[in-house]
Structures are given as structure tokens and as C-alpha cells.
Novice: 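Can you read through this structure? Questions will come right after.
For the numbers below, each heavy atom of this structure counts, side chains included, while hydrogens, waters and symmetry mates do not. So that the names make sense, note that chain A is the first sequence line, chain B the second, and so on, each numbered from 1.
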2 protein chains.
Amino acid sequence: MSAPGEQRKRRTTSYSRAGADSSRKHVDSDGTKGQQTRERLLKATAVILTEKGYSGTRLGDIAKRAELQAPAIYYYYDSREALIEEVVRRGQQSAQEHVENALAQLPEGTPLLERIRCAVEEHLRVVLDLSEFTTAAIRNMGQLPEGMRQQIRSDHKNYGALWQRLFEEAQANGEIRADVDVTAARLLIIGALNWSPEWWTPRVCDIDDVVAAALALTSGLVTDQ
Amino acid sequence: MSAPGEQRKRRTTSYSRAGADSSRKHVDSDGTKGQQTRERLLKATAVILTEKGYSGTRLGDIAKRAELQAPAIYYYYDSREALIEEVVRRGQQSAQEHVENALAQLPEGTPLLERIRCAVEEHLRVVLDLSEFTTAAIRNMGQLPEGMRQQIRSDHKNYGALWQRLFEEAQANGEIRADVDVTAARLLIIGALNWSPEWWTPRVCDIDDVVAAALALTSGLVTDQ
DNA sequence: AGACTATTTTAATCTAAGTTCAATCAAGGG
DNA sequence: CCCTTGATTGAACTTAGATTAAAATAGTCT
């Protein structure tokens, strides 16, 4: 008799902690049936989240976009919160991964300024092009309910710290003007990038133009030249 | 016997259209009794709006913060929407006014670059320091319900156009690098400023530091130097 | 085909939040 | 001091949206 409270609600992930390793989250035994639906759901949630914000994200809208009925969501997630949390976590992770990856591929002696440029470009591309999850995460970070913040915030801090390090070293190195507050500068730059989904569409200009402009701004921090 | 449906709900404003004129909105006959409550209400709404986003803004929270009971709000506004709309409108207006004002006070021949710097600084100060309304407006612009967008969007476009003009002229003038897309550059900069309330608190650094950093970034667009 | 599991749906609950109503409180004027 | 209007409140109404329960559909395996 289908004892529902038990075996349903399986959970794609085992995400107790999010490592930076390549192991994608779906540790699910299943291969691909409902798995596809799950992905569709996450994607839909990300879009709605970006458009409507945390509180404005209704299960009904998500369901409609994912082409199923709202209650079906509960087959995959315990609650609206759990679903949203995974989206945000993915977004956070995705950004960090992409940027770290790109940085890791730079040759050994790459000057800090170059690394910063690389991070700027990569972050921007993730936000505008690669991951709707990241956009959703960024835009809602500030409005997440207390419970959800803990884990996510911590990841977020990590990512921020990565940037901060780059900037501080660059300044210590003399590559960045000594007279600017690097914390403020860094947050302003990331802010510019984070805000971009708010206005950018393919019709405004090419992504490469945005990247170029962002790099130009960044060069305002440079000591000499 | 107090026929409530009639004379209540007076309405502070007559805002059919918001001109750029100095006539502040309260065309109300009253001098200052409930007027104070009204202001308290608006301010509370702005704060909640910034914290929780459009959909997360509940009348109960607003009421609590303004130290009255939720239903009392209806004495001043026809609906939650009407209240929020006024907050957003004020925020929009406030930013535009401050910046236009500051620009107007620059001496005649001021070079465009200088004007842009001025606009950057002023916008930043409004957002971080002067107007909680502006912050609320900016952060929620994207999530306002269709009905509200019309009027507000139009004001918003206006403001954007003001900036765009500055940038285009500066580039035509040779003051800004010819190889950057000024639209992208302008939106990135405004984005950096708009995002700042997300991270800035007096404990992070001094506002002047943020201003300085923002100006440094801006100078990345400059042709020569 | 039969039977068991995975997935999705419809109908029913429950609750929070916006809103309305009618009554109360406060203050100023006659 | 009573009365009128301005301001505010507590209780009731209503609806939207999350969640649950139970049933129906689809799949797969033997």
C-alpha cells in the first residue's frame, strides 16, 4: 500500500558538505528517469528565482515551467526550501569551480593582475552565459531565510576570500595602486559583474563587449600604465 | 456614522505623473499629524523592501517596524501595492534629483570626465548614505509586478539616458577609450554602485574609500593618462 | 499477463497574509 | 463637557499558496 512517507523523497544528493572536487552532485543510484525531471525542476527554479526573488518564487510557477504539477515536486524534494537551497548551492559552487578552474590553468608565473583579469572574465561569463544557477544564487543571497544561510554563506565567504587574496597580493606587489582600498575595489568589481544579468541581454551588446568593458574598468586599479 | 469607505484613504500624493519639479509629493492639506506616521511608514517599507525583496515585504513587518497595527496602513494607502509604489517612486526620484542637482552645480566648462566622476560619486552617496528609498527602488526594480513597472520604468529609462549621454559625449570627445562599448561600461559602473548596499556597512570601510575606489575604476575607461 | 515500483496527478488541508468592518481612542472647538 | 473628525485597533473574511493524502498512470521485470 505505497507507504509514502518512507521510501519516497529520495534526494539526488548527499550534499553534507560541498567539496571543490569534480564529483557532480547526483550520487543517486538511478541512472536517468526521474533524474531528468529533477534537472528540469532545478533549472526552472533557478529561472523563477532570478526573475521573482526568493519570496516571489512559487511552486506553482516552477511546476508550470517544468511542465508538471506542483505536488510532484515533493516527490523529489522535501520542501520548497530544500529545492531552492539546492539551486542556490549549485549556483555558488558553479561560479567558484569555474573561476578556480580557470585560474588553475594559468601558467605558473602569471602576474597577479593577469590572474585578476582572468577571474573577472570567467566570473562574468558564468553569470551571463554558463549558469542560470549562479545568477539565481547571487541575486538572492541577501534574502535567503536564516536557516539556509549558514552553509551557503560559508561557501560564499570562501569565494570572496579567494578574490580578496588576489587583490591583496597584487597590491602588496605594487601591481595595484597603493591608494585604493582593495576590499572596496574588489567588492565594487564583483558587484558590477553580479549586477550585469539585471541589464544584459544578447540584444544590448555582445558578451565579449561586456568582458572588454569589465577589463577596462579593472585596469583603472592598475598602478602605472 | 463614520461612513468609512468615503473620506478615509486620503492619499498623500496626487502623483498622476512625477515631474522633475521641486514640488515634493505631499500635496496633502494636513500639516503634520498623520503626516509623520506616513513618513514613518514609508521609511519602514523602504527598509523591509531592501531586506526582503518585493514579494517578501509583508504588511505585518512594515507595521511592526513603524510601530502600528497592519490595518492602520489602509488609512494611508489603498493597498500594499500603492504603498510600495510610492516608496519605489521616491527612491527613483531621489537618486535622479541628487545626481542632476550635483551635475547642475558644476561650472560651465567642466570636462565630461569630471561630470561622470561627479555622477558616480553622487549616485554612490545617495545609495549608501542618503536614501533608503533609492536602495529599495534599485534592488527591487526587476521584481515589480507588471502594473507598477510602467511609470517607474519610464523614470528609470530617463535616468539611464542621462548617464548614457554623458558617456557617449565623453567618448566622442576622446575622453573615454574608443575601444570600449560605452553602454556596457556605463551599465557595469552603475551596477557596481547599485550593488554596493549589498556588502557595504560602516564596518567594512569608510564611504569615502568606496567613492575613491569607484572613481579609480572609472578612470580605467580614460583614454590616456 | 501479473505484480511490483517509480512517477505524476487530483482532491483535500492548513496557514499566512492582505484586506474589510465596525468599534474605540484622541484631540480640538464650541 | 459634548460632539465631530482624525487616527488606530481587534476581530472577522478571503484568498493564495505550501503541503499532504490517496489514487491513477507508466514502466519494468519475470
Novice: Where the side chain of A:R58 is defined as all heavy atoms beyond and including C-beta, which of D:dT9, D:dA21, D:dA18 is the nearest nucleotide?
Specialist: D:dA18
Novice: Of the options C:dT20, D:dG6, C:dT10, whose atoms approach the side-chain atoms of B:P71 most closely?
Specialist: C:dT20
Novice: Between C:dT8, C:dC21, D:dA18, which nucleotide gets closest to the side-chain atoms of A:L59?
Specialist: D:dA18
Novice: Between B:K64 (NZ) and D:dT9 (P), how many Å, whole number?
Specialist: 15 Å
Novice: What's the closest nucleotide to the B:Y76 side chain, out of C:dG18, D:dA7, D:dG17?
Specialist: D:dA7
Novice: Does B:L49 offer a backbone N or O that forms a donor-acceptor pair with the side chain of B:N140 under 3.5 Å?
Specialist: yes
Novice: Side-chain N or O of A:Y74 versus OP1/OP2 of D:dT19: is the shortest distance under 4.0 Å?
Specialist: yes
Novice: Got a donor-acceptor contact below 3.5 angstrom from the A:S55 side chain to the B:S55 backbone?
Specialist: no
Novice: Classify the nucleic acid contact of A:S55 as base, sugar-phosphate or nothing, counting any heavy atom under 4.0 Å across all strands shown.
Specialist: nothing
Novice: Does B:S79 make a side-chain N or O approach to OP1 or OP2 of C:dG18 shorter than 4.0 Å?
Specialist: no
Novice: Provide, to the nearest angstrom, the distance between the OH atom belonging to B:Y77 and the P atom belonging to D:dT8.
Specialist: 13 Å
Novice: Of the nucleotides D:dT19, C:dT8, D:dT8, which one has an atom closest to the side chain of A:A72?
Specialist: C:dT8
Novice: Any side-chain N or O of B:T37 less than 4.0 Å from the OP1 or OP2 oxygen of D:dT8?
Specialist: yes
Novice: Cation over ring, B:R40 on B:Y76, under 6.0 Å and within 45°?
Specialist: no
Novice: Heavy atoms under 4.0 Å, any strand shown: does B:Q69 hit a base, just sugar-phosphate, or nothing?
Specialist: sugar-phosphate
Novice: Can you label the angle between the B:W163 ring and the B:H123 ring as parallel, tilted or perpendicular, going by 30° and 60°?
Specialist: perpendicular
